[in-house]
Every structure is written in C-alpha cells, then in structure tokens.
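Worksheet: the structure to be examined is printed underneath.
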Number of protein chains: 2
Amino acid sequence: MAVTIKDVAKMANVAPSTVSRVIANHPRISDKTKKRVREAMEHLGYHPNFIARSLANQSTRVIGLVMPGSAGVFFQNPFFPTVLQGLSEGADEKQYALQLTTGKTDEEIYEGVVQMVQGGRVDGVVLLYSKVEDKLMMYLKERAFPFVMVGKPFKFVEEITHVDNDNFRATKEAAEHMLDLGHERIAFIGGDLNLVVTIERLLGYEKALREAGHPLRDDYIIHEEFLREGGREAVNELMTLKEPPTALIVADDLMALGVLNTLDDMNIRVPEDISIISFNNVLMAEMSKPPLTSVDINIFDLGYQAAKSLIQKIEDPKEPIKRVIVPHQIIKRCSCTNAPKQQKKNP
Amino acid sequence: MAVTIKDVAKMANVAPSTVSRVIANHPRISDKTKKRVREAMEHLGYHPNFIARSLANQSTRVIGLVMPGSAGVFFQNPFFPTVLQGLSEGADEKQYALQLTTGKTDEEIYEGVVQMVQGGRVDGVVLLYSKVEDKLMMYLKERAFPFVMVGKPFKFVEEITHVDNDNFRATKEAAEHMLDLGHERIAFIGGDLNLVVTIERLLGYEKALREAGHPLRDDYIIHEEFLREGGREAVNELMTLKEPPTALIVADDLMALGVLNTLDDMNIRVPEDISIISFNNVLMAEMSKPPLTSVDINIFDLGYQAAKSLIQKIEDPKEPIKRVIVPHQIIKRCSCTNAPKQQKKNP
DNA sequence: TTGTACGCGTTATCAT
DNA sequence: ATGATAACGCGTACAA
C-alpha cells in the first residue's frame with residue numbers, strides 16, 4: 001500500500017488535515033510545521049493520490065478529447081498530431097492531463113463520452129471537429145457540461161465556445177489569389193460535406209467567384225474524402241471537361257498531394273498547366289514536388305487556444321461564451337502561377 | 001449533484017450495497033430486485049462514478065502513454081497516430097481509457113509519469129519508444145509497476161515485456177534485397193543513435209554487408225534526425241563521394257522523402273541512378289514520386305499488441321514477461337532497381 | 001495555528 | 001438474498 005497523508009501526519013506528529021493544508025500551501029500554517037511536514041513527505045516519498053483528491057474535490061484536472069467517428073482518416077492526417085501538440089501544451093501549462101476517447105462508430109464514441117462525463121472522469125471536453133448534426137454536441141450543451149469545439153459550430157454559433165479559423169475568408173482569399181493571377185476557371189475540391197469546415201470553405205470560394213463576376217459551375221465543385229486513389233476519378237473527370245479548370249483550390253494538403261499524383265499521371269504539369277493552392281500547410285506541403293502553396297491555419301494554435309479556453313471555462317463557470325479566431329496566412333510556394341494567356345480547351 | 005448509488009437504492013427500496021451488486025451483476029441477487037434496481041437506475045439516469053469506483057477498487061482502468069522527450073518530431077511522424085490507433089483499439093476492447101503525458105523536456109516527462117504512477121492515475125504505462133539510457137524505464141522497473149515498451153529494451157531484454165519488430169532482421173533483409181539487385185555500394189541513413197531501433201537497424205545493415213563480403217565504410221553511414229532540410233548536407237556529402245553509393249537504406253519513410261527531395265535537386269534520379277528502400281510504409285511512401293519501396297512494420301499492430309500485453313499484465317500480475325515480435329514485410333514499389341552495370345565514379 | 005469529524009461515491013466484509 | 005458498516009485517501013467546515 002502506498003504512503004498516505006496519514007503516514008506523513010504520524011511521522012510529523014500532526015493531524016492529517018494539517019498535512020493536507022501543507023500540500024495546498026495553506027497560509028496559516030506555521031513555517032515550522034510546514035517544514036516538518038515537508039521533511040516527512042520527502043522522507044517517506046509521499047505522493048498525493050489524485051483519485052482520492054478528485055473524489056473529495058469533485059474535479060479531476062483531466063480533459064477529454066473527442067475524435068470524429070471516422071477516426072481512421074482523422075488519425076492519418078497531420079492535422080491531428082498537431083492540434084494534439086497544441087492541446088498538450090495548453091493543458092500542461094495548467095497542469096491538466098489529456099484523455100482520449102476510444103471507439104470506432106459514432107454511437108460508440110457517444111457512449112464513451114457519456115461515460116466519461118457522467119462518470120466524472122473528466123472536467124471538460126474538447127470536440128476536435130465540427131459536423132452538421134451532432135448529437136454529442138447537443139448532449140454536452142444541454143447538460144451545460146464544459147466543452148469547447150475546434151471548428152465552427154453548425155448551429156448555436158453564439159452559444160458555444162469555439163476555436164476556429166475564419167475559413168470563409170481564408171478560402172475567399174485563396175480564390176482571390178488565383179483571380180489575381182488571372183485565373184478564371186477555378187475549381188474547388190472539398191472534403192466531407194458533413195463537416196462545417198468544408199461548407200465554410202465552399203462558401204468562401206463561391207463568394208470570391210461571385211464577386212469577381214465569374215459563373216459558378218457545378219462541374220467545378222467536387223467533394224471527396226480521399227487520401228489515396230479515392231479522388232483519382234474525380235480529378236480525371238474534372239480535367240477532361242470541355243473547359244478544364246486552370247486553377248484548383250483543394251481543402252487539404254493531403255488531398256492536394258493525391259491530386260498532384262493524379263495530375264502527374266495525366267501528364268498535366270503544376271503549375272505550368274494548372275495552379276494549386278491547398279490548406280493546412282503541413283510538413284508535406286513543402287516537401288512535395290512542386291512545393292505547395294498552402295494556407296497556413298496555425299493548427300497548433302487551434303489546439304493551444306482550445307485547451308486554454310476550456311480550462312478557463314472549467315475553472316470559472318461564469319466565464320462567458322467565447323469565440324477565438326486563429327489567424328491564417330497564405331504561404332506562397334511553387335504550385336501557383338499566372339493563368340495561361342489563352343486558355344486551352346480540350347478538343 | 002449527480003445521481004448516486006444511494007438515490008437508486010432509495011428509489012428501489014434496497015440498500016446501496018445491493019445496488020452495487022446489481023451493477024457488478026452479482027450472481028445471488030434475485031432477478032426480481034435486479035429488475036427493480038435496474039428500472040430505478042434507468043429512471044434516474046444513473047451512471048456509476050468512475051472516480052469513487054477507482055478509489056474503492058484501487059484501479060482506474062486507465063493506461064498512461066509516454067511519448068519521447070523530443071515530442072516535436074515524434075508527433076510529426078505518421079508513426080505516432082498509427083500506434084495510437086492500435087493502442088486505442090486494444091484498450092477499447094478491454095474498456096480501458098488512454099491518457100497522454102504532457103511535458104516538453106525529458107525531466108518534465110519523467111516528473112509527469114511519476115505523478116501519474118504514484119498518484120494512482122493509471123494502472124499501467126506504455127513507453128512509446130526505447131532509448132539507450134532510460135531513467136524512466138528504470139524507475140518503472142524498480143517499482144515493478146506494470147508497463148510495456150514499444151521497441152526493444154536496451155538493457156534487461158529478458159526482464160521487460162515489450163512489443164517490437166525484428167528490426168535487425170528486417171534491415172538485413174532490406175540490405176539483402178539491394179544486394180540481390182546487384183548493388184555493392186549500399187549506404188545507410190539512420191536516425192537518432194540514442195534510439196535502440198536505430199542501433200538494431202544499423203546492426204542488421206552491417207551484418208548483411210559483412211555476410212556478402214562487402215567492406216563496411218564509415219562514410220556510407222549517416223545519422224540524422226532530420227525531417228526537413230536537416231539531412232540535406234549529409235546526403236550531399238554522401239553523393240559527392242569519390243565512390244557514391246548506388247543504393248540507400250533509409251531508416252524512416254519521412255526521412256526518405258527528404259532524401260528524395262535532395263536527390264531531385266541534385267539531379268540524381270531514383271531509381272535509375274540510385275535505389276532507395278525505407279521503413280514504416282506510411283501513407284506518404286506510396287504517394288511519393290517515385291513510390292517508395294518500404295518495409296512495412298505493422299505499426300498499428302505494434303500499438304494493438306502493446307495495449308493487449310499491458311492489460312494482461314495489469315489484470316494478472318503473475319503474467320510472465322513477454323516479448324511480442326510483430327512481423328514485417330518488404331513492400332516493393334518503384335524506388336529500387338538493378339545496380340548499374342558499371343558503377344560510375346565521381347571524377 | 002492546528003485538530004476533529006464528516007463527506008465524496010463505491011466496493012467489500014461480515015452479518016442476518 | 002440482502003443490509004449495515006467499514007474502508008479507499010483526501011479536503012474542509014467547525015471547533016478548539
């Protein structure tokens with residue numbers, strides 16, 4: 001059995017409560033006993049028991065992390081480890097620990113989080129995604145359990161503390177970058193339409209084109225959740241249109257890498273034949289050939305701010321709803337260039 | 001305040017202990033009361049409190065995950081999310097939760113783990129790496145606290161349950177693959193020499209060359225922990241040797257990608273001018289140009305088996321020391337080809 | 001400034 | 001088959 005507060009008390013000739021107070025650095029304990037108690041702790045190799053402490057305090061200093069149901073793709077994307085790093089740093093600063101939810105299906109995850117929450121395992125929860133209809137979010141909201149969302153809530157934007165980029169504006173700027181380069185035929189390759197981020201980005205894209213007076217073409221908008229061959233056909237289709245696009249806005253670097261591969265197979269050169277800009281600016285973006293122009297969304301910060309905000313909310317329940325917008329910035333590399341003077345049409 | 005076992009007891013007109021027994025599905029409780037209690041639980045929306053349960057049981061059903069100190073690079077490597085997925089699945093099956101350690105420096109991490117362990121936050125620990133002198137490992141070993149290591153322990157191989165690949169053999173096979181293709185000038189680019197995996201792989205490489213009767217050349221062995229430009233110079237140096245290698249064994253796909261880039265800048269073609277084989281077979285390996293021949297080490301399984309083994313050890317302390325070797329296999333793609341007939345020398 | 005006594009929500013032992 | 005009671009280790013009114 002481990003050494004407890006009582007053992008320390010006995011050794012220091014004080015009451016257990018006194019030891020407890022020393023641990024909490026209670027002000028009105030004489031320096032003399034403080035010292036004596038600390039020596040006893042040292043001597044016995046005492047370490048406070050978190051579990052007992054949690055039970056007494058009704059607080060665990062643990063934050064639950066919720067991954068989306070489609071964890072497979074989520075895990076593979078460099079986005080995940082990077083937010084995690086941010087969360088880790090934010091949590092660490094305030095001495096919080098991070099706990100992961102496991103579970104494959106949405107239903108399993110939901111159950112897991114309910115256990116976590118009702119079981120008192122965690123003081124708060126971070127939702128690492130934002131999707132359109134989210135039962136889990138509604139559950140947390142209704143119970144008024146402390147949580148923050150990474151991404152923009154689909155509903156109740158004003159009522160949910162969240163950390164997000166301005167994806168609408170970011171994508172608008174990306175499109176405008178292409179427009180500035182003289183492109184007119186700009187296509188959009190987005191991800192899962194159930195994710196709010198996809199919707200926001202699509203909207204930004206559309207807005208930019210509309211403002212520039214360009215028509216929105218359905219055949220220029222693709223949605224795939226592909227990492228590997230998935231989007232091959234889609235890109236193929238896109239590029240064999242009568243009027244193929246001269247510029248591509250791709251919602252994710254990883255997807256862009258796939259697109260790059262497909263394009264290469266089709267003997268279409270980047271950026272000579274087609275320009276590409278993508279999102280996230282992960283490590284691979286700069287290692288690809290050509291290096292990708294990418295919108296850096298500061299993923300680490302997303303995580304860091306999320307942790308910070310959640311902890312604030314946990315520690316002060318009166319903390320108001322907050323919306324943190326993490327800045328983005330276009331990192332220009334080599335995958336974009338001016339539009340060809342006369343835009344070729346496929347025969 | 002949440003609904004407790006007592007509330008349920010009151011509602012069902014039984015003692016709290018009876019409710020507890022119903023939860024545990026104790027055999028000698030009449031079906032009638034079982035039903036009555038369950039109805040009450042349902043009605044009140046009762047969820048057991050994990051913390052209280054942990055305190056009473058002296059067990060948390062939580063597994064602690066320890067990342068290496070250089071978490072930055074570790075996080076960026078696709079290795080991490082993939083083991084994590086395996087761990088997650090293994091833990092989930094047995095209803096265990098995963099908790100991460102935070103902390104930047106080795107010292108911080110050490111302290112964090114000690115807190116976790118002594119504080120009773122976790123029932124066991126997974127070390128996600130194996131390095132040469134590991135204070136933390138010694139600590140766990142000496143306390144006889146349940147833990148497993150992903151990778152081969154540097155010392156006490158027989159005394160520490162671990163999950164690993166046969167990295168020695170894997171690398172030997174990789175080198176033999178090159179030898180079979182007629183290569184004689186084979187270089188090795190490894191990672192951090194403090195990691196046991198690096199050592200094992202180096203040894204396997206050397207063994208293969210020695211068996212083939214080829215000399216070991218110091219200038220053919222490089223160690224870098226680079227993801228980006230880091231290894232640029234090293235590769236440059238290697239390729240401007242009087243007798244540059246015709247084949248490269250790279251200890252990590254991500255590093256290989258960097259090498260590929262450098263090579264491209266130097267106008268050295270893969271595989272025409274030089275063959276490359278690397279390790280891990282992560283997603284990027286098949287998306288690169290050319291697609292990389294890579295040794296698949298079944299990272300997911302590494303995690304899955306680690307979780308399984310740890311849980312066994314937690315639940316049965318008499319469980320003997322185990323060593324789990326996860327199989328590997330060479331995935332042949334396009335980055336290797338026959339050695340050039342007459343090996344060019346640089347002028 | 002310090003000690004006493006109780007509660008946090010469960011499980012487990014010992015009765016009945 | 002079930003109930004009372006004592007842990008589990010700590011925090012905290014309340015008392016002294």
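Lettering of chains follows the sequences in order, A, B, ..., and the numbering in each one begins at 1.
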Original post:
Taking the side chain as C-beta and beyond, is there a heavy-atom pair between A/Tyr304 and A/Val163 under 4.5 Å?
Top reply: no
**OP:** With the side chain counted from C-beta on, respond yes when A/Lys131 and A/Met137 share a heavy-atom pair under 4.5 Å apart, and no when they do not.
**Re:** no
**OP:** Please name the pair of heavy atoms, one in A/Pro153 and one in A/Val157, separated by the smallest distance, quoted to 0.1 Å.
**Re:** O-CG2, 3.6 Å
**OP:** Go through residues 21-43 of chain A and report each residue with a non-hydrogen atom lying under 4.0 Å from DNA chain D, sorted by number.
**Re:** A/Arg21
Original post:
In whole Å, what is the span from the NZ atom of B/Lys6 to the C1' atom of C/dT11?
Top reply: 13 Å
Original post:
Minimum heavy-atom separation for A/Ile321 to A/Lys313, with atom names?
Top reply: CD1-NZ, 4.2 Å
**OP:** With heavy atoms under 4.0 Å as the rule, sort A/Val19 into base, sugar-phosphate or nothing.
**Re:** nothing
Original post:
Is any side-chain heavy atom of B/Glu42 closer than 4.5 Å to a side-chain heavy atom of B/Arg38?
Top reply: no
Original post:
Which comes earlier along DNA chain C counting from the 5' end, the contact point of A/Ala15 or that of B/Pro16, where each point is its nearest nucleotide?
Top reply: A/Ala15
Original post:
Which residues in residues 50-57 of chain B have at least one heavy atom lying under 4.0 Å from any atom of DNA chain C?
Top reply: B/Ala52, B/Arg53, B/Ala56, B/Asn57
Original post:
Name the one of B/Val122, B/Val148, B/Leu98 that satisfies side-chain contact (heavy atoms from CB on, under 4.5 Å) with B/Ile63?
Top reply: B/Leu98
**OP:** Specify the separation, in whole Å, of atom NE2 of B/His47 and atom P of C/dT10.
**Re:** 12 Å
**OP:** Please tell me if the side chains of A/Leu55 and A/Ile51 come closer than 4.5 Å, counting only heavy atoms from C-beta onward.
**Re:** no
**OP:** Run through B/Lys152, B/Lys155, B/His162 and flag the one making a side-chain contact (heavy atoms from CB on, under 4.5 Å) with B/Val196.
**Re:** B/Lys152
**OP:** For B/Ile5 and C/dC8, give me the distance from atom CD1 to atom C1', rounded to whole Å.
**Re:** 13 Å
**OP:** Kindly say whether, by distance alone, the side chain of A/Ser17 makes a donor-acceptor pair under 3.5 Å with the base of C/dT4?
**Re:** yes
Original post:
When the distance from CG of B/Asp7 to C1' of C/dT10 is rounded to whole Å, what number comes out?
Top reply: 13 Å
**OP:** Compare side-chain N and O positions of A/Gln58 against OP1 and OP2 of C/dG9 and report whether any pair is under 4.0 Å apart.
**Re:** yes
Subject >> N or O in side chain of B/Thr4 less than 4.0 angstrom from C/dG9 OP1/OP2 >> reply: no
Subject >> Least distance between heavy atoms, B/Val326 atom then B/Asn165 atom >> reply: O-ND2, 3.1 Å
Original post:
Is any side-chain nitrogen or oxygen of B/Thr18 closer than 4.0 Å to OP1 or OP2 of D/dT2?
Top reply: no
**OP:** Indicate, with a heavy-atom threshold strictly under 4.0 Å, whether A/Pro48 touches base, sugar-phosphate, or nothing.
**Re:** sugar-phosphate
